[in-house]
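In listed order, ligands and their atoms are each counted from 1. Sequential numbering from 1 along the given sequence is applied to the chain's residues.
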Amino acid sequence: MYTQEYNLTDKLTFNVPAKSSFYTSVFTDEELRDALNWARENSHAILLLGGGSNMLFHDDFHGLVIQIGHKGVKVLEDDGRRVEVEVGAGEVWHDFVIQTIEKGWGGIENLSLIPGHVGASPMQNIGAYGVELVDVLKHVEAVNLASGELRRFTAEECELGYRASIFKGREKGNWAIVRVAFTLDRNSELKMSYGAIETELQHIPLEDRTHKDVSDAVIKIRQSKLPDPTVLGNAGSFFKNPIITKAEFEEITRNHPGLPNYPAKNSRVKIAAGWLIDKAGWKGHDRGTHGVHDKQALVLVNKGGATGKEVWALAQDIIESVKQKYNITLEPEVNQIRTDRGNPDY
Ligand SMILES: Cc1cc2nc3c(=O)[nH]c(=O)nc-3n(C[C@H](O)[C@H](O)[C@H](O)COP(=O)(O)OP(=O)(O)OC[C@H]3O[C@@H](n4cnc5c(N)ncnc54)[C@H](O)[C@@H]3O)c2cc1C
């Protein structure tokens with residue numbers, strides 16, 4: 001069924017006004033292929049939707065929005081220690097994380113409470129608290145939007161990088177992810193060195209700590225720092241942390257000491273975009289209906305009534321100001337859904 005003039009706002013954590021000409025949800029590969037054929041026959045552009053937690057709609061979408069609803073958690077292999085598990089793209093990410101913890105499977109406890117669905121998790125190689133999807137990804141099954149072909153991508157073929165993948169990169173707009181498989185490990189090492197996890201777990205002796213303890217700590221830290229999208233519209237970090245050369249890093253820190261940084265690939269340095277935005281004076285910036293979160297400068301918020309275009313105008317002002325102050329060009333992490341250039345750009 002294709003619903004016309006569909007109001008998407010409630011499906012978007014940014015909570016901005018947005019409609020699509022048509023909307024449908026699909027739960028099997030066959031239903032997905034039917035929707036793709038229908039869109040092709042009627043010359044409609046296609047936009048895939050998961051949990052709507054990493055998108056900013058600048059305006060209405062002229063075409064068919066397909067929400068991928070595939071369900072199911074299936075164990076492919078279990079050798080008593082390692083488990084290979086394949087999950088439908090429409091499963092809620094955090095619900096899946098909780099299931100793995102209940103079963104004693106380790107590996108994604110640090111990714112607790114990330115909003116959205118399993119299908120979008122490879123899109124930007126979701127990451128938090130020292131763990132990225134790449135650490136546990138086994139394969140991705142995806143349907144080609146043009147031909148309907150089902151293809152299995154190995155973890156390597158997904159070309160995962162920092163907030164990047166083949167699906168967000170050179171194969172952008174070509175595939176609908178329908179299932180994602182993970183390799184989890186009952187004895188996986190707990191990762192507690194990132195952020196405040198260690199502090200949160202101090203009261204538990206090291207040898208007694210479990211995957212659940214790490215998950216609980218991550219949930220507690222996230223709830224204290226990040227705005228709840230059901231209360232304050234947002235899409236998490238709006239910008240990526242820039243990755244720069246060592247020479248550029250030294251140049252910036254000469255004038256701006258204290259910039260938090262982490263080693264990146266090829267001897268480059270990842271620097272904290274939130275710090276740059278904060279020091280440029282934007283933290284807590286208020287434009288009435290929208291602004292910059294007062295606890296986390298990386299998060300832009302819709303306080304109620306903002307449009308996507310207004311949020312984007314604020315983002316552009318921040319980009320310009322950071323460029324002026326540090327000569328660094330911030331890039332959005334959130335997918336911009338805009339049709340004002342004649343073509344859907346997402
Ligand atoms: C409060 C908050 C905190 C967050 N914290 C983090 C964090 O710590 N780390 C992190 O990495 N991210 C974080 N995010 C961002 C976001 O939750 C993740 O990127 C998440 O994986 C997006 O999932 P989604 O289902 O909501 O994707 P959507 O927003 O629905 O879609 C995102 C993109 O993927 C495409 N897409 C969606 N589903 C599919 C599919 N099945 N096949 C192909 N393309 C698809 C869409 O077209 C769109 O381009 C946060 C967001 C919020 C609101």
Side-chain angles (χ1 to χ4, degrees), residues 8 11-15 18 20 25-27 29 32 36 45-57 61 63 65-70 87-94 96-97 108 110-134 140-145 153 158 160 162-169 171-180 194-195 218-219 221-223 225-241 293 295-296 298-302 332-338 344-346:
L8 291 164
K11 292 196 178 283
L12 308 172
T13 60
F14 241 127
N15 207 27
S20 61
S25 49
V26 296
F27 297 88
D29 295 0
L32 171 59
L36 296 174
I46 292 163
L47 175 65
L48 300 172
L49 177 68
S53 66
N54 204 12
M55 293 176 157
L56 179 66
F57 278 71
F61 180 73
V65 166
I66 305 177
Q67 191 163 32
I68 307 292
H70 293 54
V87 187
E91 293 285 349
V92 171
W93 173 261
H94 180 65
F96 170 57
V97 174
I108 52 174
N110 294 51
L111 304 179
S112 296
L113 216 62
I114 295 182
H117 293 178
V118 167
S121 62
M123 287 297 292
Q124 67 159 14
N125 180 26
I126 55 168
Y129 295 94
V131 172
E132 287 183 325
L133 194 84
V134 68
V140 166
E141 287 197 345
V143 169
N144 188 282
L145 299 192
F153 292 78
C158 292
L160 301 183
Y162 168 64
R163 299 297 186 266
S165 72
I166 192 169
F167 307 106
K168 211 180 168 181
E171 288 286 339
K172 188 173 174 174
N174 290 345
W175 298 92
I177 295 169
V178 288
R179 283 169 291 279
V180 184
Y194 207 92
V218 167
I219 290 172
I221 299 163
R222 291 182 70 101
Q223 283 174 336
K225 274 178 41 180
L226 289 170
D228 176 354
T230 60
V231 179
L232 201 56
N234 75 92
S237 303
F238 197 91
F239 301 100
K240 293 186 206 170
N241 288 320
H293 192 239
K295 287 195 194 137
Q296 173 51 274
L298 211 44
V299 179
L300 305 191
V301 292
N302 176 10
E333 176 179 316
V334 175
N335 298 279
Q336 306 301 314
I337 313 297
R338 53 194 302 181
D345 173 21
Y346 53 87

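- Considering both main-chain and side-chain atoms, N234 never comes within under 3.5 Å of ligand 1 through any nitrogen or oxygen pair.
- For the side-chain contact (heavy atoms from CB on, under 4.5 Å) with L56, the qualifying choice from L300, V334, N335 is V334, the only one to do so.
- Taking only nitrogen or oxygen atoms, main chain and side chain alike, A235 does not reach within less than 3.5 Å of ligand 1.
- An N or O contact shorter than 3.5 Å is missing between I114 and ligand 1 by distance.
- Listed by atom number, the atoms of ligand 1 under 4.0 Å from G127 heavy atoms are 7 (C), 8 (O), 9 (N), 10 (C), 11 (O).
- Residue L48 places at least one N or O, backbone or side chain, under 3.5 Å from an N or O of ligand 1.
- Scanning for side-chain contact (heavy atoms from CB on, under 4.5 Å) contacts around L226 gives R222, Q296, V299, with sequence neighbours left out.
- Residue R163 places a heavy atom under 4.0 Å from ligand 1.
- S165 places a side-chain N or O within donor-acceptor distance of the main-chain N or O of F167, the cut-off being under 3.5 Å.
- Interface atoms of ligand 1 facing A128, defined by a heavy-atom separation under 4.0 Å, are 8 (O).
- Remark: N144 pairs with A146, S147, E149, W175 by the side-chain contact (heavy atoms from CB on, under 4.5 Å) rule, at least two apart or across chains.
- Of the heavy atoms in K168, none comes closer than 4.0 Å to ligand 1.
- Between L226 and ligand 1, not a single N/O pair is under 3.5 Å apart.
- Any N or O atom pair closer than 3.5 Å counts here, and T13 shares no such pair with ligand 1.
- Residue R222 has at least one N or O atom closer than 3.5 Å to an N or O atom of ligand 1.
- Distances between N or O atoms of I126 and those of ligand 1 include no value under 3.5 Å.
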